[in-house]
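A short worksheet on the structure shown next.
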Amino acid sequence: MKLTVYSYDFEYKVENGQVFVYSYCKQPNGSKIVVKHQHPVFFYASLENVDVNEFKRRLDQLTIGQIPWPAKVLNYEEAALELKGQIKPFLKIYANYPKAVPLLAKEIQNWGIECLEKDILFIHRYLRDAGIIPMTQITVEGTLDPNTNILMAAAVEPSELKPSELKSRKDWKILALDIETYSKHREIDFQNNPILMVGLYGANFAKVITWKKFDTADREIEFAASEKELLERTAEYIRQFSPEILAGYFSDGFDLPYIHARCIINKVNFSIGDSFSIGNSGLIVRKSSASRSTEVKIIGIAHLDLFKFVKQIFGLDLKVESFNLDAIAEKLLGLKKQSVNLDKLFYSWDHSPVDLEQFCRYNLHDARLTYLLTEKLLPEMIEFGIITGLPLFDVTRMRFSRLVESYILKRAISRKVIAPNRPGDQEISERMNESIQGAFVYEPKPGLYRDLAVFDFRSLYPSIIASHNLGPESLYCSCCKNKTIPDQPYWFCQKNKAFLPSLLAELINRRIEIKKQIKEASGQDKTVLEAQSYALKILANSFYGYLGFYGARWYSLESAASTTAYARYYIKDTIKKAEESGFKVCYSDTDSCFLLLGGKSVTDALQFKDSINQSLPGNMELNFEGYFPRGLFVAAKNQDKGAKKKYALLKEDGSFKITGFETVRRNWSLLAKEVQREVLRFILQDQTDKALAYVRGAVKDLKKGIMPLEKLIIKTQITREISQYKVVGPHIFVAHKMIAKGQSVSPGMVVKYIIGKGSGLVRERARLPSEIKEGDYDYNYYISHQLIPAVSSIFLVLGYSEEDIFKESSQKGLSQFH
DNA sequence: ATTATCCGGGG
DNA sequence: GTGTACGGATAAT
């Protein structure tokens, strides 16, 4: 029979000396099926300077170990493949099972023969070789065993669509899971503290199970008799729901390992995965020895840890303080967690079960947030899967280097490129000690400026790498020795497009295409296109970092150094040409430059941009970011030069853009944040007098004692056990008071306090907001430690000293504009 | 300044 | 599982 299916999870098994991949798939009608497909195991050995016949003879006799079978070479064939830009001879060596590969390769390397592609995961190899892209359509042909639901495939064909046309399906069954546990002092103790609740959330499904009975009308709450039964019931619900995707938030590090541990203690068989193929249908907790990270695999279900994906990939430009569920749900969904005092959960459990209902709601709400996040991010995860060819399980756990490398590996096959080996320990430490010159920064002269035109190079680094053919394969070719890089001793081939830069060029062009399509798309199509564009952007932007990453197979520090060298060259050249055209430059960093129009018009600036663009190669392009009537650059601490990446711009529509000012930091009072923001606003609007009046008004209110207390609260996080602090800052002092009052204080919590009136050290005057009366704060502290640091550097630019602002109304006005 | 360690997420 | 690990902030010689 011939079927069309969508694969979402993969595993392999060795049966009677043959290696099979099990692909867990969904059919168009929604039912599931397992596709079993045989695939060869192989790796390569270099034949350079090797006596091939002697080598083959030794391979024929090679046998290593006994468990589970002796590792053996089944077959071999010679192949010519490209390594670092040169075609070289290799022997493709077939092994009897995947784990045999490292054994055989190690032995062969002992013979002095280099082995390659010996550490590529078998599943990944299979997916790439077969051209299968997880979550998208494949065609399979074979015979189905109705008892096991396994289709033994004679052939598995990937979709005939081009990558840009590939579509996943919209009806993946997602189930999100979250647990609550017993915890007296916020400790996490798998061994001693039971799981109290499990929340499950999916489409048309919401359930929270607990094992302490209380009266409730809530039909979504369900009671089990014990933790053991809770675990059994949870497994049963998951089996019934039968999700393709099981999602959690930090479920690799918490929820699933916790469930796993409690199942062992309670002797529960948490069998939610597939039982026919691999034999292990429970949670497979993989703890890696070197790092403290764990992964939990379930055969036949794609377990996604949303936290890992957000933390490592998606959160890149999210601008959040923390990657906890509350912050991420707020940012991406506009939804907060429910606020309950979890410190009281154990008490309610032991003494007051009637209070447990709110915790159940809280638990289910977290599961719901996780579900919504999964739904929201699934298009992006699927696109990363399409680009890299990796299962979603891997996609959600990868980092940038893995993203780039998987993309390269996938495309290496069709171009007959062999992957260079990963660096060894020695090589890694050597690479870690190397460094390159970074970006060019033109430091701003502090001041308030008029009429700025801001330009930047669109994806500067990727376009440089692609346009100038930078990469390990094109380095030091014999034909282009005379074409060196600005200030660098390197050269790269200009005749033949090298492997890496050509991949990057392909990416850039594909993204340009997609951006065009987005303009005409709507609805779900648009969502998918935007996810594609996003994934391509992230990938393209990661190439530069990859080339200089010590763990990269295609490491090339020369290429990375040349990329920044070109970037410095282009931005400096732009600055030079701008000055020649009569503009003044006030600031520039990496890929952007801020020009002063100085009487010229925006049209002149646009003309200048066009003339620059005519001289640029390839995909490189200078963009007009915008015209800004005012721009403020303040001085770096204790220095005359301007601070980098710290400025405020006024837009034409009156709104403004602030970069680098510390207004967002937690340990500033609301007062400082507000005053800083207002002062910036007034100054950008040329209302320096109002800015002054505003600050002075705040000072006056402070002194009068009428400043609302909530604007004076300072928040500081407790980062360790209180007893561990050697230096007692104000927050620790307050923490001691809280403990004295019987409140629990532990690492991670944020202490709020206000500095009160009185004498002595600052910390001795730190009060809990609840124990201070209106007006009883120390206004001197707030003036000198909050207001002055927040605004003095801003006023300094305009020629006002601290005294001018904070002493009685002295008048002073220096030249406002440069 | 440079090196070691701790922590993130989770209850 | 054909596998190896991070990276930023903060504290400590």
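Order of the sequence lines fixes the chain letters, A, B, ..., with proteins taken first and strands second; residue numbering starts at 1 for each chain.
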### Message
Roughly how many Å apart are B/dA1 and C/dA12, using the C1' atom of each and rounding to a whole number?
### Response
13 Å

### Task
Taking the side chain as every heavy atom from C-beta outward, state whether A/Tyr24 and A/Ile301 have any atom pair closer than 4.5 Å.
no

### Task
Give A/Tyr12 one of three labels, base, sugar-phosphate or nothing, depending on what nucleic acid heavy atoms sit under 4.0 Å from its own.
sugar-phosphate

### Query
Charged N to carboxylate O under 4.0 angstrom, A/Asp305 versus A/Arg397?
no

### Message
Counting the atoms with a prime plus P, OP1 and OP2 as sugar-phosphate, which does A/Phe122 contact under 4.0 Å by heavy atoms, base, sugar-phosphate, or nothing?
### Response
base

### Query
Does a distance-only test, which skips hydrogens and angles, find a donor-acceptor pair under 3.5 Å between the side chain of A/Asp343 and the base of B/dG11?
yes

### Task
Quick one: stems involving DNA chain B, counted as three or more successive Watson-Crick or G-U pairs, both distances short of 3.5 Å.
B:2-8 with C:6-12

#### Entry: Touch class at under 4.0 angstrom, heavy-atom based, for A/Asn324 against every strand present
sugar-phosphate

### Query
So what does A/Leu325 touch, heavy atoms closer than 4.0 Å: a base, only the sugar-phosphate, or nothing?
sugar-phosphate

### Query
Across the strands shown, which category fits A/Phe42 at heavy-atom distances under 4.0 angstrom: base, sugar-phosphate, nothing?
base

### Query
For the side chain of A/Phe307, counting heavy atoms from C-beta on, which of B/dG9, C/dA5, C/dT2 is nearest?
B/dG9

### Query
Which is true for A/Ser322 with a 4.0 Å heavy-atom rule: it touches a base, it touches only sugar-phosphate, or it touches nothing?
sugar-phosphate

### Proximity of A/His39 and A/Tyr12 rings by center, below 6.0 Å
no

### Query
Between A/Phe359, A/Phe214, A/Trp211, which is the residue that forms a ring-ring contact (aromatic ring centres under 6.0 Å, His included) with A/Trp349?
A/Trp211

### Task
Give a yes/no verdict on a cation-pi contact between A/Lys118 and A/Phe43, requiring under 6.0 Å between NZ or CZ and the six-membered ring centre and an angle within 45° of the axis.
no

### Query
Backbone N or O of A/Trp554 within a donor-acceptor pair of the A/Tyr546 side chain at under 3.5 Å?
yes

### Query
So, is A/Tyr258 near the phosphate of B/dG9, with a side-chain N or O under 4.0 Å from OP1 or OP2?
no

### Task
Assign A/Ile179 to base, sugar-phosphate, or nothing according to its heavy-atom contacts below 4.0 angstrom with the strands shown.
sugar-phosphate

### Message
Using a 4.0 Å heavy-atom cut-off, does A/Lys308 contact any base of the nucleic acid, only the sugar-phosphate backbone, or nothing at all?
### Response
nothing

### Message
Do A/Val404 and A/Leu539 have side chains that approach each other closer than 4.5 Å (heavy atoms only, starting at C-beta)?
### Response
yes

### Message
Distance check, C1' atoms only: B/dG8 and C/dA5, in whole angstrom units.
### Response
16 Å

### Query
Any donor-acceptor pair under 3.5 Å linking the side chain of A/Asn421 with the backbone of A/Cys115?
yes

### Nearest-Å distance once atom C1' is located in both C/dT13 and B/dT5
13 Å

## Note on the structure
Picking from C/dT2, B/dG11, B/dG9, the nucleotide nearest the side-chain atoms of A/Thr181 would be B/dG11

### Message
In this structure, how many angstroms lie between the C1' atom of B/dG10 and the OH atom of A/Tyr249, rounded?
### Response
11 Å

### Query
When we call it a touch if two heavy atoms are under 4.0 Å apart, what does A/Pro102 touch: a base, just sugar-phosphate, or nothing?
sugar-phosphate

### Task
Using the C1' atoms only, state how far B/dG10 lies from C/dT4, rounded to an integer number of Å.
25 Å

#### Entry: Nearest-nucleotide 5' precedence on DNA chain B, A/Arg399 against A/Lys337
A/Arg399

### Query
With sugar-phosphate meaning primed atoms plus P, OP1 and OP2, does A/Asp178 contact a base, only sugar-phosphate, or nothing at under 4.0 Å between heavy atoms?
sugar-phosphate

### Message
Quick check: on DNA chain B, is the nucleotide nearest A/Asp366 upstream (toward 5') of the one nearest A/Lys311, or the reverse? Name the residue that is more 5'.
### Response
A/Lys311

### Among C/dC6, B/dG10, B/dG11, the nucleotide that comes nearest once only the side chain of A/Tyr550 is considered
C/dC6

### Task
May I ask you to say what A/Arg402 touches in the nucleic acid, namely base, sugar-phosphate or nothing, with a heavy-atom cut-off under 4.0 Å?
base

#### Entry: Over-ring placement of A/Arg262 relative to A/Tyr258, 6.0 Å and 45° cut-offs
no

### Message
Please report the distance separating the C1' of B/dG9 from the corresponding atom of C/dG7, rounded so that it comes out in whole Å.
### Response
15 Å

